[in-house]
Structure formats: structure tokens, C-alpha cells
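I have placed the structure first, in the form of C-alpha cells, so that the comments after it can refer back to it.
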Amino acid sequence: MSNNQPRIILHVDMDYFFAQCEEREHLELKGKPVVICVYSGRGGGAVSTSNYEARKFGIKAGIPISRAKKLKPDAVFLPVNMELYRSISDEVMEILRGYCTILEQESVDEAFCDITGRVSGFDEAKLLAVRIKEDIRQKVGLTCSAGVAPNKLIAKIASDFQKPDGLTVVKRDEILQFLVPLKITDLTGVGKKTGERLNELGVKTIGELSKLSADELIREFGQAKGIWLKQASQGIDDSPVVEREGTEQIGRITTLKEDTKDSNLIYEVIDGLSDEVYKKLETRKLSFKSVTFVAISTDFKTHTKTHTLGAPAKDLETIKESARRLAKLFLEEHPVTLRRVGVRVANLTEAKGQKTLGNFENGNKKR
DNA sequence: TGCACCCTGATGTT
DNA sequence: TCATGCATCAGGGTGCA
């Protein structure tokens, strides 16, 4: 895709999405601090997201619920209600689809739109963005923040630049001055770990990052990431907006009631998780070709074990048996105590008509 | 030797 | 500090022509 046509990309990011959905459903929440929680089943858990009232007290995504409760005991604490957020997300995406030729839904609350063919330039693009925001506000009842730029990388950073209910337009010749003062972690793809390593190299801003040579970055981060960092620091990104077929993998993970190394207990949990993964697959009519057992030990290290089948399958038994077998192997190899376990399927394909696919080599298995 | 595929842990985000 | 659940990706390994 090396055509020279300058692109215009719009990135839309719903504001504090989960919490805003709850505000829409429960009007009495407006103005109160709202905290959306993922409970672990053993009393603890983490904050999934919070509204701006809650953020004023330091309650943000990722912190333990216990800490959030200390920061603001009388905030409203609600469990995640994914079904609600999905259906609202669908409403939003449907609106966006009406405005762009290609829509790339990045997650439940974010999407890229290629609007190159829909507008004559950035001024018109800005007007279109305003209209889309207004449309979403009226039809869905939620605010979002938007970024308009010549590529996905900059559009995404731009949508994050002014929040909530923001709109930031970055034209081609404004990219460098826009990026230079930003923190390196404002680059999508640079998180805590990469940020720390860059700090050690004396780099704190994107401007400073752009001064490092590609060679230096490759030495430090390897070929692919090194080149990516160099390009990103200069605002270069050619990746196209692509309609996503669907997810590549589907999984479920849970925290055990208590830490254990008891395989029978773990098998029980695996069966339950397999059921849920199977349900998700079924509703989306997908087959899988590999099964992964995920284990997180008490020291919070993540371990995985994967088995790839000879041919795609779509039945529950295959998930359960594979996951159990993988767990057994894992426990034999690693005598550690587990805190969390998960089951994941990948290599997904559309489950066309096939009934059951029992034809993979699993002959010598103990029953 | 080159390539395709597989497995694993790291990473990002919420 | 206390530490959910989910997805994607790159590096290195492995097997085969």
C-alpha cells in the first residue's frame, strides 16, 4: 500500500466508557464518583475504570478495590456489566460506520475511521468530527473524544490529548511540534516497561526519543521494536485502517478461591472456564485450532501451555480435555502454587456447517 | 539452508 | 501498596522440504 495519497484518519475514543454507560442507565449517578470493579471472588479485585469525579480522588484503572475504598469510601462501586457496554458499543459503531468507508473497531470503546474519501481536507474533517460527536451524543447519549490526523498513530494520540469530550486535529505539518513535548508513554505501544528502559537511556519525551539513532534503538529493543520506535518518534506510521474480521483468540481467566496446587481443584475450575469459552465461541459461530492453559503462580508470574490440533474443532469436550491435559503437564513440570488459571482458544475460523470434528490425533489418552 | 508454523512470556490496558 | 481480565505480539524453537 505505497500509494502517495495523503490520508485522513479519525480516531474515536469513548470517555470513561464503562462508567459513562452506567451513568446513562442510572441517571441518579450523575455527579457522583462511580467506580467499575472486577471482583476476584475472594474479597479483593481491581478497578476496571472510573468516572472523572472518582479520578479526582486518585481512583483510576488498575488499582486494588480496597485502596479505592480507602480513597473515597462513599463512592458508588459497581461490578462490570459487559453485556450493557457491548450493546451500547454496537450503537456507537453503527453510527461511525455511516460516516466512513473503512471502520476498524479497536476495542469495545475505540475505533479508527478512514475518512480520506469523505472530506476534501483537514478543515472539512474537523467539521465532520464535530458532527459525528454530536450524532453520538444525541443518539447514544454519551460523549467521546476524537482525534484527526494523517495516520493512525497520531490520530490515536490526538484523541487522547484533550479529554473528556475533546477534539484534536493534527495536520501533516504539525505532527513534529505536536509530538516533541509529549511523554514517551503517550506513544501507544510504550508502556511502563519500555518507558523505564528509555528513561535509563535518558529519554523522557518523544522529542528526545527522535534524537536516538535507529541503530541504538535496535541494539536496545531488537529489530522490529527498534525500528518502530524510531519511526513513531517522528510520527511516521503507514499502517492501514483495516476492517477487523473478529477476534483472533477468546479466553477466560479467573482468580482461584484460594491459592492451590491441587490438580483436581484446578480441573474443576478449568471445566467451568471451558464452558464459558465454549459459549462465547458458539454465539460467534467460530472454530478453534489451538487451546492454551494459562497459569499465574503466587509470585504473579504468568505461564502458558498450548496445544495445537490437527484440524479445527468446535466442541466443548475438546476444549476441556485439552485444557486439562495441558494443566496436568504444566503441574508436572512446574511444582508451583497457583493463584489464577485461565483457558484460551486461538486460531479461530468460521465454523462452517461442520458438525463435529473428532478427527484429531488423541488416540492414547487416559479416560 | 530457508521457511512456516508453533509455543511462550512480555506487554499494554482497563 | 496489592495486584482483574482480556487481547496482541515478537523472539526463539522446531520440524520439514
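Quick caveat: nothing in here was measured; it's all calculated off a predicted structure. Throughout, protein chains are lettered first and strands after them, A, B, ... in sequence-line order, and every chain is numbered starting at 1.
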(request) Only counting residues at least two apart or in another chain, list the ones meeting side-chain contact (heavy atoms from CB on, under 4.5 Å) with Asp259(A). (result) Arg42(A), Thr298(A), Thr337(A), Arg339(A)

(message) Using a 4.0 Å heavy-atom cut-off, does Arg340(A) contact any base of the nucleic acid, only the sugar-phosphate backbone, or nothing at all?
(response) base

(request) Answer with base, sugar-phosphate or nothing: what part of the nucleic acid does Lys301(A) contact at a heavy-atom distance below 4.0 Å? (result) nothing

(request) Scan residues 142-149 of chain A against DNA chain B and write down, sorted by residue number, each residue with any heavy atom closer than 4.0 Å; if none is found, say none. (result) none

(request) Using a heavy-atom cut-off of under 4.0 Å over every strand shown, decide if Thr254(A) touches base, sugar-phosphate, or nothing. (result) sugar-phosphate

(message) Mind checking if Ser290(A) touches a base, just sugar-phosphate, or nothing, with heavy atoms under 4.0 Å?
(response) nothing

(message) Between Arg252(A) and dG5(C), is there a contact of a side-chain N or O with OP1 or OP2 at under 4.0 Å?
(response) no

Can I get a per-line list of side-chain donor-acceptor pairs under 3.5 Å for residues 147-167 of chain A, giving both atom names and the distance, sequence neighbours left out?
from	atom 1	to	atom 2	distance (Å)
Asn151(A)	OD1	Leu153(A)	N	3.2
Asn151(A)	OD1	Ile154(A)	N	2.9
Asn151(A)	ND2	Gly235(A)	O	2.9
Lys152(A)	NZ	Glu104(A)	OE1	2.9
Lys152(A)	NZ	Glu104(A)	OE2	3.3
Lys152(A)	NZ	Pro240(A)	O	3.2
Lys156(A)	NZ	Glu106(A)	OE1	3.3
Lys156(A)	NZ	Glu106(A)	OE2	3.1
Lys156(A)	NZ	Glu110(A)	OE1	2.9
Ser159(A)	OG	His11(A)	ND1	2.8
Ser159(A)	OG	Lys156(A)	O	2.9
Gln162(A)	OE1	Thr168(A)	OG1	3.0
Lys163(A)	NZ	Asp13(A)	OD2	3.2
Asp165(A)	OD1	Lys133(A)	NZ	2.9

(request) Scan Thr306(A) against the nucleic acid and name what it touches under 4.0 Å (heavy atoms): base, sugar-phosphate only, or nothing. (result) base

(message) If you take any heavy atom closer than 4.0 Å to DNA chain B, which residues from residues 70-94 of chain A end up in contact?
(response) none

(request) Remember a base hit wins even if backbone is also touched, and classify Thr292(A) as base, sugar-phosphate or nothing at under 4.0 Å, heavy atoms. (result) nothing

(request) Check the distance between dA7(C)'s P and Leu348(A)'s CG and give it to me in whole angstrom. (result) 9 Å

(request) Strictly below 4.0 Å, heavy-atom distances to any atom of DNA chain B: list the hits from residues 43-64 of chain A, or just say none. (result) Ser48(A), Ala61(A), Gly62(A)

(message) Going 5' to 3' along DNA chain B, between which two nucleotides do contacts with chain A fall, using a heavy-atom cut-off of 4.0 Å?
(response) dC6(B) to dT14(B)

(message) Does dT4(C) have OP1 or OP2 under 4.0 Å away from a side-chain N or O of Arg339(A)?
(response) yes

